[in-house]
Amino acid sequence: MKATNNGSLTRLPRCTIAIPNAGPIILNNLPDITDSKDAIYNNEAIIGRSTPLYTYSHSGDRSIGIQMHFFVVDKGDAEENLQYLRWIQSALYPRPSDGNSPFVPPVVCQITCGSLLSGNPAEKESSQPLCCILKSYSVKFPTEVAWDEETFCPFKFNIETSWIVVYASDDLPFQDRIVKSGR
């Protein structure tokens with residue numbers, strides 16, 4: 001795949017973050033991704049045993065870290081990049097009340113990035129979005145690059161995000177499903 005098309009960055013339609021009430025962020029370069037999960041074991045001391053017995057308790061969160069890179073290459077990129085930043089920021093805030101409660105929790109987003117996070121790599125179009133909640137974001141606007149005169153948006157900046165994968169109770173993953181689909 002070509003990274004550019006006549007100098008413009010090529011969008012990656014299979015590398016997106018869908019944020020309800022905002023819009024889809026379609027990345028134009030591959031982000032840095034970390035994916036981690038842990039299992040929780042309790043150690044049970046047994047009298048006369050030299051080491052404790054470990055019993056499986058539960059699984060921990062599946063955490064995904066995504067560092068997105070934003071560049072200004074074409075006219076309008078600065079405004080689009082700042083809009084994407086606002087959409088990401090909005091995913092951390094509660095939604096307005098529906099009248100029955102003081103607030104509604106933040107939105108659940110959907111993330112896809114080829115077969116890196118879900119899907120069977122042998123089936124190129126098999127990846128399904130992961131439902132995730134945004135746990136944190138961090139952005140730094142560097143001063144060593146040029147910036148847009150109207151918005152002061154640097155021509156390059158990164159947004160680091162941390163997500164937790166969430167599942168409906170009837171859609172919890174087990175080992176066989178992870179092997180087949182990654183989700």
Side-chain angles (χ1 to χ4, degrees), residues 9-40 56-71 77 79-141 153 157-183:
L9 293 172
T10 303
R11 293 193 184 269
L12 304 172
R14 292 181 48 229
C15 194
T16 64
I17 300 174
I19 301 173
N21 305 320
I25 296 172
I26 303 171
L27 298 176
N28 59 15
N29 60 83
L30 200 58
D32 295 319
I33 297 176
T34 59
D35 188 353
S36 64
K37 182 169 177 64
D38 56 358
I40 312 301
Y56 174 77
S57 174
H58 60 282
S59 290
D61 294 328
R62 179 178 178 189
S63 299
I64 296 175
I66 301 176
Q67 182 183 46
M68 294 167 270
H69 315 286
F70 292 93
F71 302 95
D77 283 352
E79 291 81 6
E80 181 179 63
N81 291 346
L82 291 174
Q83 183 63 66
Y84 284 171
L85 171 63
R86 298 296 176 259
W87 289 349
I88 291 167
Q89 290 171 326
S90 77
L92 271 178
Y93 288 87
R95 292 170 284 164
S97 169
D98 58 3
N100 297 324
S101 60
F103 67 90
V104 177
V107 295
V108 175
C109 303
Q110 293 186 327
I111 299 175
T112 58
C113 197
S115 296
L116 294 179
L117 299 173
S118 70
N120 182 339
E123 301 170 20
K124 292 187 178 11
E125 300 298 325
S126 71
S127 62
Q128 294 181 351
L130 285 180
C131 292
C132 300
I133 52 175
L134 183 60
K135 196 168 135 183
S136 67
Y137 79 87
S138 175
V139 61
K140 179 181 177 195
F141 300 112
C153 178
F157 67 91
N158 298 322
I159 303 174
E160 291 205 34
T161 58
S162 178
W163 304 82
I164 297 174
V165 179
V166 294
Y167 299 94
S169 59
D170 62 346
D171 193 32
L172 292 173
F174 291 97
Q175 183 195 22
D176 60 339
R177 194 171 101 195
I178 295 296
V179 169
K180 291 177 188 170
S181 71
R183 61 176 298 291

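The first residue of the sequence shown is numbered 1, and numbering continues consecutively from there.
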Inter-residue atom distance Trp163.CH2 - Thr34.OG1, 0.5 Å rounding: 13.0 Å
Could you tell me whether a side-chain N or O of Asn29 sits under 3.5 Å from a main-chain N or O of His69, the two making a donor and an acceptor? yes
Does Phe157 have any ring-ring contact (aromatic ring centres under 6.0 Å, His included) partners at least two apart in sequence or in another chain, and if so, which? Phe70, Phe141
Would you name the heavy atoms of Ile26 and Leu12 that are closest together and state the gap between them? CG2-O, 3.6 Å
At what distance, to the nearest 0.5 angstrom, does CE of Met68 lie from CG of Asn28? 12.0 Å
Hits for salt bridge (charged side-chain N to carboxylate O under 4.0 Å, His left out) against Glu80, two or more places apart or cross-chain, chain-then-number order -> Arg11
Quick one: CD on Gln110 to CD on Gln128, what's the gap to the nearest 0.5 Å? 10.0 Å
Shortest non-hydrogen separation from Ala91 to Leu134 and the atoms involved: CB-CD2, 3.9 Å
Checking Phe103 now: which residues fulfil side chain to side chain contact (heavy atoms under 4.5 Å, CB included) with it, not counting sequence neighbours? Pro94
For residues Ile159 and Val139, report the shortest heavy-atom separation together with the two atoms involved. CG1-CG2, 3.9 Å
Of the non-hydrogen atoms in Ala39 and Tyr56, which two are nearest, and what is the gap between them? CB-CE1, 4.1 Å
Under the rule for side chain to side chain contact (heavy atoms under 4.5 Å, CB included), what residues qualify as partners of Ile33, not counting sequence neighbours? Pro31, Ile64, Ile66, Cys113, Leu116, Leu117
4.5 Å side-chain heavy-atom contact, Cys131 and Val166: yes
Between the side chains of Ser36 and Ser63, does any donor sit under 3.5 Å from an acceptor? no
Among residues at least two apart in sequence or on other chains, which ones pass side chain to side chain donor-acceptor pair (under 3.5 Å) with Gln89? Arg86, Tyr137
Whether Lys37 side chain and Gly60 backbone form a donor-acceptor pair below 3.5 Å: yes
First locate atom SG of Cys109, then atom CG of Leu130, and finally report the distance between them rounded to the nearest 0.5 Å. 12.0 Å
Nearest-0.5 Å distance that lies between atom OG1 in Thr161 and atom CD in Gln67: 9.0 Å
State, to 0.1 Å, how close Val165 and Cys132 come at their nearest heavy-atom pair, and which atoms those are. CG2-SG, 3.9 Å
Atom pair CG (Leu27) and OG1 (Thr16), whose distance is rounded to the nearest 0.5 Å: 7.5 Å
Who are the salt bridge (charged side-chain N to carboxylate O under 4.0 Å, His left out) partners of Asp61, not counting sequence neighbours? none
Of all the heavy-atom pairs spanning Ser97 and Val104, show the shortest one and how long it is. CA-CG2, 4.4 Å
Please walk me through it: do Arg14 and Ser115 pass side-chain contact (heavy atoms from CB on, under 4.5 Å)? CA-CA 9 Å; Arg14 292 181 48 229; Ser115 296; 4.2 Å; yes
The test is side-chain contact (heavy atoms from CB on, under 4.5 Å); show your working for Ile19 and Ser90 and say whether it passes. CA-CA 9 Å; Ile19 301 173; Ser90 77; 4.2 Å; yes
